[in-house]
Structures are given as structure tokens and as C-alpha cells.
**Student:** 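Right, I'll just put the structure down here and ask away after.
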Amino acid sequence: MVCDGSGDVAVSAALEETLEWALGRVATPFQVGNRDGRPQVLEVDGKTVDGSAGPRPSEGVSRSSVAFVPATRLEHLGDPSFLADHGIRLPYVSGAMANGIASVQIVEAMSRAGMLGFFGAAGLALERVESAINGVRQRLGPTGSHGFNLIHSPSEPELEAAVADLYLRRGVRLVEASAYLDLTLPLVRYRLSGLRKVDGRIEPANRVMAKVSRVEVASKFLSPAPARFVAELVARGELTEEQAVWSEQVPMADDLTAEADSGGHTDNQPAVVLLPTLIALRDRLAREKPGRQPWVRVGAAGGIATPWSAAAAFAMGAAYIVGGSVHQSCVEAGTSETVRGLLCQARQGDVAMAPAADMFEMGVRVQVLKRGTMFPMRASKLYELYRTHASIEDIPPSERASLEKSIFRASLDEVWSQTRAFFMQRDPSQLDRAASDPKHKMALIFRWYLGLSSTWANRGEPDRVLDYQIWCGPAMAAFNEWVKGSFLEGPRQRHVATVALNLLYGAAVLGRARFLTSQGFTLPPGCPRLSPLDPLEIHQRLDGAR
């Protein structure tokens, strides 16, 4: 910018620089006055600004139009009870990406940064999940904040029950319940086990953060456990009559996450519609059924990948925000360098819906990356064959040969042999059903491809790149656009805590800027400037250091 000799351009630049500086010190309040229609910082934390870079604050400033911008600490962005109940400092959660993509390392990094991380247990064998429990506890000790995933498994109910039983045996006190279409007995058993009454207040021993995208499912988590499940638990001796009575006052969830347009399981709901809808639902049910404990908090997930989306979620009343797709591109994620590289290249329109391995026969779909992979197209081809044929034998020979050559890279007889061996260990009842139901046998064979496609991606198997299943939502593209040209553009410096801290800090800065504009001040174009910052720089700004 070149000064024309009048000094006005230099003055404008100085005013803007000081305003950017004041907005960025989010823990420090400041005052702004009106200088010839431009905002000028007058005081920061009660002290007069020096003014050496431009005119002195008292010169040419209208005192009739003065705005006050309060401190906005990151821990104040969400619901303080969320922080207190989970033993964390910041209202940010790393969601449970399946197959261990939400790794022990992610859980540890989030906990050490004062945030909450869930291990992605879905799709893993019990031994892997128990190993992760041991790993998290070794790294964080008995008090480190963390949780584990419990996913609805309608095609493998025994596995869901076994995971819930493992959590109860090992004392896992917090789960993220995801992909639930309805409540199940294992989930209810987990929630109500250990229910107690302390000083007149009913206290669940086990906490549930439910991730939902439909009102009818949200209603179930905002309500007490179904009476039929409670009665069954009492009959089995796993719940006392007194606990059954107490359960009528306890909702199924402590926290309800409004899962908008996310990676993996999603209904592609817009966050600006879903979040306020679930908040209104929560408030209405609370009015209709007063006295339930505890008050259910509502958080936001899906599409949150920039300071602007984070600020919008908090402005709409989110108690906390949840990250997912972006975290998969971070160094701590339990996936391969190849996948991280592909995610860092994602642009708008690089995602698609494809059949879900765990709910294949139900026609449920998941959102995945389509850039650099043919998985969405190939998986959809398999579902179309499943939908239109009664059995593997019913598929025309030419079509079968094409499948064996281009998708499975093995004969379907070999694939069935491997599938049988897998389910003999995991869930033999699937084989019993397949013996009498040829269509189910076909589904199991097709699920071989859908299940392994994620494993190939996580391992980075080079000869299967075109078959990688990479769960990803449109948030990935938004994040990549925001960090372009910064130290976060490539995968090597993407750390989950750094990403989370930047989103929270940026949301705080934007909140202060909006507070200023709501008092009638017009900010310079592009203000505030929000580029990714090193965590040390953010902490210096949080501490008020210049």
C-alpha cells in the first residue's frame, strides 16, 4: 500500500493493525471509538493504547460512539458443565472414527491438550479394543479424560453386546454411541449398570454421548430407557428393582451430538437446520417431563473444519463441537501416509455416498472420499447386484468374471472361503444364516470387499489404492482451502491438538469481531485475518503477550 502524502493510508493501516492485534488477544477486553467512521482501539484491559504507530487515541475520536469488547476465553465458548463433567478445559471433542483411525495416539493428544478424544472401536475385534483400553490407560493414567466408541451393529448384535460387556468389565465410563437407528439392550445395559442415588440425586455410573442426525432417534436418547429393556435387565438380575425405578428419571444420554453432513455414517443434514432442531426438541421434552437428570447438552458435528463453522456452531448454542474428517489427515490418525496425502488434496465435490459395510443389507450408505479411488463406484456396483439378484449363482457368468477380475482380484469361491474363516471366529451365527439364505451369503461375500477396503487404506497397501475406502465429509475441502499456503497445508505438521486449538481460537476471535459489529462498528474488509497459527503463538495470545 502506498501513501499519497496525506498520511491517511498510513493512519488507516495503523488503525487496522491495532484492531487486529486487540481482537486476537481474546482473553483481554478492549474499548473501541469511532475515528472518522473507522474503529480505533482506545483501551486494552483498561490501559490506554500508546498510539505511536498512528494518531493518539484522543485525537479525532468520537467519544459518543464507544464500544466495549469483553474477553472471550476458549473455555467459555461452550457449556461449562460439559467441561466440568468430563474433566477437560476446552469444549472440543475428537470423534470416534472407526477401525482405530481415531487412535490411541489421538485420544492421548486430545487429553493432554485439555480436550476429549474417543477411540474408534467400531469394526475391530474385541482383542484390539481391549488392547486399546490398556494402551490409553498406560499413557494417560487413571484420571486422563477419554472415551470409547459403541456402534450400533444390527447385522452383528452379538458383537455389539460383547463390546458393551467388555466396557463394563474394564470400567470404561464414557462411550460415544454412534449410528444407532434405535436403542438396543446392550446400550441400555451399559447406561444403567451401576446406577445409584447420592444425596437424593440419581447418578449414572456410565456416561453416554450419543451422535444422532434424526429427530426420532434423538428423542429416544433424550428419554429414559424403554420399559421392556429395563424389565428384561431386572429379570436377568443385572438391574435391581430400585434401579429400575430410578431409571425412569434418567435420559439415555448425557450429551447429544447433532451429526450434520459428516464423513462415514451420515444423513447429510445441514448443521444450521439440525442443531437448532435438536436443541428445540431437548427444550420441549424437558418442559414436558421436568425433573429428569441430568440436563442433556447438545453439541455439533459434521462440517466443522474452519473458525467460521466453529463460531457458527457455538453461536447457535452448541455446548461443544466435534471434529472428525480433518483429524483423519493428522499424523496421529490410525491410517496411512497415502490416505493422509489424499485427504490433504481433497477439494469441494471430492466426496460421494457409498454402501456401508456394517449395514449393507439395509441399504445404509456412508460418505467417503472419491478423489484418487474408485471405491464409491465399485461398492455401488456390488449393492446394485445384491439388490437385483437372489444369490451369487444368479449373477451372469460374464458379470461374475468381471467382479473377480476388477474388484475382488480372486475367485468368489476363494473370497467365500476367506469370509467363512473370518466369521467362524467373529460371529458363527452369520454362517448358519448364510447356509439357509443364499442372498445373505451374497451379502457376506460383498461385505468382504467393503470391509477390507478400509483396512487396505489404513495399511496403505499400494496395489489397492483404487479400492481405498476413506470416510470423509465436505469439511475436509473447507479445511484444505483455509490452510492453503500455511504450515498446515501438508499432512506432516497436522496434529489434532493444533487443528483443534486453531478452530477454537479462531471462533473466539470471530465472536469478538461480531460483538463489535453488533454495536454498529464496521470492520475493515478481511478483518479479522485468520490464518493458522503455531500453538505457541496462540498460547501467547491467550496469555495476553504481544
Side-chain angles (χ1 to χ4, degrees), residues 95-102 118-126 128-129 132 148-164 166-167 175-187 210-214 217 259 262-268 324-325 328 334-335 352-369 375-376 378-380 382-383 386-387 415 418-419 422-423 425-431 433-434 437 439-458 467-473:
M97 295 168 285
N99 282 356
I101 294 172
F118 285 91
F119 178 79
L124 300 180
L126 282 178
R128 283 280 308 279
V129 179
F148 282 76
N149 177 232
L150 183 60
I151 192 168
H152 187 200
S153 304
S155 61
E156 297 180 280
E158 292 82 3
L159 178 61
E160 180 186 339
V163 173
L166 172 65
Y167 291 161
V175 300
E176 182 188 60
S178 59
Y180 275 84
L181 305 174
D182 199 353
L183 300 181
T184 64
L185 184 63
L187 178 62
K211 190 186 291 183
V212 302
S213 55
R214 299 181 183 180
V217 178
E259 184 179 25
S262 65
H265 284 284
T266 180
D267 284 332
N268 307 107
S325 295
Q328 192 175 181
T335 191
M353 299 300 292
D358 55 344
M359 300 182 187
F360 179 78
E361 291 162 277
M362 301 169 65
V364 174
R365 300 192 301 165
V366 291
Q367 191 157 219
V368 298
L369 185 71
F375 171 79
R378 290 177 171 176
S380 296
L382 293 179
Y383 184 72
Y386 169 79
R387 192 182 65 81
V415 171
Q418 293 179 31
T419 302
F422 175 79
F423 279 106
Q425 296 293 322
R426 185 181 179 104
D427 184 2
S429 66
Q430 298 290 334
L431 300 178
R433 181 180 166 193
D437 183 354
K439 198 171 182 71
H440 183 61
K441 176 182 177 180
M442 178 169 54
L444 294 182
I445 290 174
F446 289 172
R447 283 172 58 190
W448 175 95
Y449 173 77
L450 273 68
L452 283 177
S453 58
S454 174
T455 301
W456 295 328
N458 291 347
D467 296 298
Y468 283 4
Q469 179 180 184
I470 305 169
W471 299 303
C472 179

**Student:** Which distance, rounded to the nearest 0.5 Å, do you find between the CD of E156 and the CD1 of I151?
**Tutor:**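 The CD1 atom of I151 is 10.5 Å from CD of E156, to the nearest 0.5 Å.
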**Student:** For G473 and S325, which heavy atoms make the closest approach, and how far apart are they?
**Tutor:**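 Distance-wise, the nearest heavy atoms are N-OG, 2.9 Å.
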**Student:** Report yes if some heavy atom in the side chain of Y167 is under 4.5 Å from a heavy atom in the side chain of V129; otherwise report no.
**Tutor:**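 Sidechains of V129 and Y167: in contact.
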**Student:** For F422 and R447, what are the C-alpha separation, side-chain angles and deciding distance, and is it a side-chain contact (heavy atoms from CB on, under 4.5 Å)?
**Tutor:** CA-CA 12 Å; F422 175 79; R447 283 172 58 190; over 6 Å; no
**Student:** Do the non-hydrogen side-chain atoms of L150 and L187 ever get within less than 4.5 Å of each other?
**Tutor:**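 Side chain of L150 against side chain of L187, heavy atoms only: contact under 4.5 Å found.
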**Student:** Run the side-chain contact (heavy atoms from CB on, under 4.5 Å) test on N458 and T335 for me, step by step, so that the C-alpha distance in whole Å, both residues' side-chain angles and the decisive distance to 0.1 Å come before the verdict.
**Tutor:** CA-CA 4 Å; N458 291 347; T335 191; 3.3 Å; yes
**Student:** Do T419 side-chain atoms and W448 backbone N/O form a donor-acceptor pair below 3.5 Å?
**Tutor:**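 No; judged by distance alone, with no hydrogens or angles, the pair does not exist.
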**Student:** Donor-acceptor pair, N99 side chain versus I101 backbone, under 3.5 Å?
**Tutor:**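 It does not hold such a pair.
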**Student:** Using a distance-only test with no angle check, is there a side-chain donor-acceptor pair under 3.5 angstrom linking E361 and S155?
**Tutor:**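 Their side chains do not contain a donor-acceptor pair, so the 3.5 Å distance test is not met.
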**Student:** Please report the shortest heavy-atom distance between A122 and A98, naming the atom on each side.
**Tutor:**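 So the minimum-distance heavy-atom pair works out to O-CB, 3.6 Å.
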**Student:** Work out which heavy atom in P376 is nearest to a heavy atom in A352; give both atom names and the distance.
**Tutor:**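 P376 and A352 have their closest heavy atoms at CB-CB, 4.2 Å.
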**Student:** When rounded to the nearest 0.5 angstrom, what distance separates SG in C472 from CE in M97?
**Tutor:**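 Rounded to the nearest 0.5 Å, the SG-CE separation comes to 11.0 Å.
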**Student:** Got V175 and F118 here, is their nearest side-chain heavy-atom distance under 4.5 Å?
**Tutor:**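 Answer no - side chains too far apart.
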**Student:** Measure up the Y449 and F375 rings against each other and bin them: parallel (under 30°), tilted (30 to 60°), perpendicular (over 60°).
**Tutor:**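 Y449 vs F375 ring planes: parallel.
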**Student:** Testing the basics here: between P355 and L450, what is the closest heavy-atom pair and its distance to 0.1 Å?
**Tutor:**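 Looking at all heavy atoms of both residues, the closest pair is O-CD2, 3.4 Å.
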**Student:** What's the spacing between I445 CD1 and Q418 CD if we round to 0.5 Å?
**Tutor:**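 The CD1 atom of I445 sits 11.0 Å away from the CD atom of Q418.
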**Student:** Specify the closest pair of heavy atoms between M362 and P154, including all atoms of both residues, with the distance to one decimal.
**Tutor:**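 Taking M362 first and P154 second, the nearest heavy atoms are SD-CG, 3.6 Å.
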**Student:** Which heavy atom of Y468 sits nearest a heavy atom of W456, and at what distance?
**Tutor:**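 Nearest heavy atoms, Y468 then W456: CE1-O, 3.5 Å.
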**Student:** Is there a side-chain contact between V163 and L126 (heavy atoms, below 4.5 Å)?
**Tutor:**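 The answer is yes; the side chains approach within 4.5 Å.
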**Student:** Look at atom CZ of R426 and say whether more than 12 heavy atoms of other residues, nucleotides or ligands are closer to it than 6.0 Å.
**Tutor:**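 Counting neighbours around CZ of R426, more than 12 heavy atoms of other residues, nucleotides or ligands fall under 6.0 Å, so yes.
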**Student:** Are the side chain of N149 and the backbone N or O of E176 linked by a donor-acceptor pair below 3.5 Å?
**Tutor:**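 Side chain of N149 to backbone of E176, a donor-acceptor pair under 3.5 Å: yes, one is there.
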**Student:** Among H265, E160, K211, which residue satisfies the side chain to side chain donor-acceptor pair (under 3.5 Å) criterion with Y180?
**Tutor:**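 The residue from H265, E160, K211 that satisfies side chain to side chain donor-acceptor pair (under 3.5 Å) with Y180 turns out to be E160.
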**Student:** To the nearest 0.5 Å, what is the distance between OG (S454) and CD1 (I470)?
**Tutor:**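 S454 OG to I470 CD1: 9.0 Å, rounded to 0.5 Å.
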**Student:** Are the side chains of H152 and D358 in contact, using a 4.5 Å heavy-atom criterion?
**Tutor:**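 D358 does not reach H152 side chain to side chain.
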**Student:** Please report the interatomic distance CZ(R387) to NZ(K439), rounded to the nearest 0.5 Å.
**Tutor:**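 The NZ atom of K439 is 9.0 Å from CZ of R387, to the nearest 0.5 Å.
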**Student:** Heavy atoms, side chains only, cut-off 4.5 Å: are P157 and T184 in contact?
**Tutor:**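 When only atoms from C-beta onward are counted, T184 and P157 do not touch, as no gap falls below 4.5 Å.
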**Student:** How long is the gap from CG on L452 to CG on D467, to the nearest 0.5 Å?
**Tutor:**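 So the gap between those two atoms works out to 10.0 Å.
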**Student:** If we count only N and O atoms by modelled type, under 3.5 Å, do the side chains of Q469 and S453 hold a donor and an acceptor together?
**Tutor:**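 Distance-only check passes for Q469 and S453.
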